[in-house]
Amino acid sequence: MTQTGETKSDALVVFGATGDLAYKQIFPALYGLVRDEGLAVPIIGVAKQGWTLDQLKDRARASLQQHGPANDAGALGRLVDLLRYIDGDYNDPGTFTALRGELHDAKRPLHYLAIPPSLFATVAAHLSQSSSGDGARLVIEKPFGHDRQSARELGQILAKFFTEENIFRIDHYLGKEPVQNIIYTRFANPIFEPIWNRDHVRSIQITMAESFGVEDRGRFYDETGAIRDVLQNHMLQVLAILTMGPPSATDHDALRDQRASLLKAVRPLTAADVVRGQYEGYRDVPGVRPGSTVETFVAVKLDIDNWRWGGVPICIRAGKELPVTAAEVTVEFKRPPRETFGEIVPTSSAHMRFRLSPDVAIGLGARVKTPGERMSGADVELMLTRQPAADRPPYQRLLSDAMSGIDELFTRQDIIDAQWRIVDAVLNDATPLYSYPRGAWGPDEATQLIGASGPWRNPTASSR
Ligand code: BG6
């Protein structure tokens, strides 16, 4: 997939430079870009904290120490030297005049809005009015709205100031190496395509489990919940990549077109397809409202209404305070129409498993004969690949692409709209909330939901 002829960004502006996202993800990504790709453009932090440039530099060093690896002192020094800082209110035009001055003669700046979405419109408007937005690219982070309507409104506001090809919407799952590997494995091997459909696939499962709670993100999380936080975006992107048709062109939109087309074919969820759970103790987390009915776990059963997948149950679950931190996708193939050897064979014996985190693996499950006279067998899994966690973090890859104007790994307004369309009717309190103990695989109702399409396959802490 190619996209050439784009001019590289010649300055990078981080709004919200003193915040959490910058601390946990953006500084480590910038460090990686300086170290691996020779990034040498000015990096201008903007925030309203009353800070000095030296404080921002200290923050960058601390970020690398905690979320490193800061294994190259030279690169860290070069990163710190590139930093500039503007302290100012996002509602004050003076902030943007100062920014224009700091940008000097930059012609293709990239503005990263690591700020609450409620400020996107204000900042975009000021960028445009102050000419800091001339020739610029804009990077924004999910959540893109809190439902279909608000996502559309946000899209319309941004479109007033930036053209679609200059807006880069991050869903960091798309920048993950193992997610890219699903696409590669599917379309680099002709053997999978003939069986990748309703004739051969019995079910599809995706599990994203986290063994920790919402920790210091109580306030944010309590306005979000698992459906908006990870199902509407990360999980549906993974589903699209797993089930979309092969891209037929090599242009940068070919894959995004396939993802969009698949997501538009997913039937919108109804209350009967959803189980929401909340871990015991969630309501005691600082920032969470007393009596909150926000879900920390969600399980859904989806249908894709197209010829390839019609009738194949798709089960997805995601949650916090589950037994392990791991994400896996399993495609289960159908058993032979008749069990020739009279054995009781688990339905899950023929499968393909993509482990997305924390380590990376692709396994192909099959049944082989146990040595001896009896015609009986055991389940085995052939490992196609097994790797430690990818060393190039998704934010580094995505930021590098955005600075080069390569938009393939970013999500698009029509894709976001298709994703909200799927979950819109089951947001908020549209379905009951069940409590589950910490360390359980969500509430028991999730087991009932999957029913005969199951059982759920529980990922282990490390790849087998
Ligand atoms: C984020 C969510 O988008 O993704 C978090 O807001 C979640 O709640 C995180 O923990 C998971 O990402 P990763 O890369 O750690 O699997």
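Computed from a predicted structure; not experimentally measured. Read the numbers this way: they start at 1 and go in the same order the structure lists the ligands and their atoms. Quick note: residue numbers are just sequence positions, from 1.
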Taking NZ, NE, NH1 and NH2 as the nitrogens, is one of them in Lys142 or Asp229 under 4.0 Å from a carboxylate oxygen of the other?
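A salt bridge is present here (some side-chain N lies under 4.0 Å from a carboxylate O).
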
Looking at Val13, Leu83, Leu33, Leu110, which hits side-chain contact (heavy atoms from CB on, under 4.5 Å) with Ile43?
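Exactly one option meets the side-chain contact (heavy atoms from CB on, under 4.5 Å) with Ile43, and it is Leu83.
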
Is there a donor-acceptor contact under 3.5 Å linking the side chains of Thr270 and Asp273?
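Result is yes, a qualifying pair exists.
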
Indicate whether any N or O donor in one side chain lies under 3.5 Å from an N or O acceptor in the other, for Glu381 and His351.
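Yes - a donor-acceptor pair under 3.5 Å links their side chains.
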
Mark yes or no: Arg317 above the aromatic ring of Phe297, with NZ or CZ under 6.0 Å from the six-membered ring centre and no more than 45 degrees from the axis.
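No, cation not above the ring by the 6.0 Å, 45° rule.
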
Okay, side chain of Tyr279, backbone of Gly439: is any donor-acceptor separation there less than 3.5 Å?
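Judged by distance alone, no pair lies under 3.5 Å.
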
For ligand 1, output the ligand-protein N/O contacts shorter than 3.5 angstrom; if there are none, return none.
| from | atom 1 | to | atom 2 | distance (Å) |
| --- | --- | --- | --- | --- |
| ligand 1 | 3 (O) | Lys142 | NZ | 3.1 |
| ligand 1 | 3 (O) | His234 | NE2 | 2.7 |
| ligand 1 | 4 (O) | His234 | NE2 | 3.4 |
| ligand 1 | 6 (O) | Lys142 | NZ | 3.4 |
| ligand 1 | 6 (O) | Arg217 | NH2 | 2.8 |
| ligand 1 | 6 (O) | Asp229 | OD1 | 2.6 |
| ligand 1 | 6 (O) | Asp229 | OD2 | 3.4 |
| ligand 1 | 8 (O) | Arg217 | NH1 | 2.9 |
| ligand 1 | 8 (O) | Asp229 | OD2 | 2.6 |
| ligand 1 | 8 (O) | Lys320 | NZ | 2.8 |
| ligand 1 | 10 (O) | Glu210 | OE1 | 3.4 |
| ligand 1 | 10 (O) | Glu210 | OE2 | 2.5 |
| ligand 1 | 10 (O) | Lys320 | NZ | 3.3 |
| ligand 1 | 12 (O) | His172 | NE2 | 3.2 |
| ligand 1 | 14 (O) | His172 | NE2 | 2.8 |
| ligand 1 | 14 (O) | Lys176 | NZ | 2.7 |
| ligand 1 | 16 (O) | Tyr173 | OH | 3.0 |
| ligand 1 | 16 (O) | Lys176 | NZ | 3.3 |

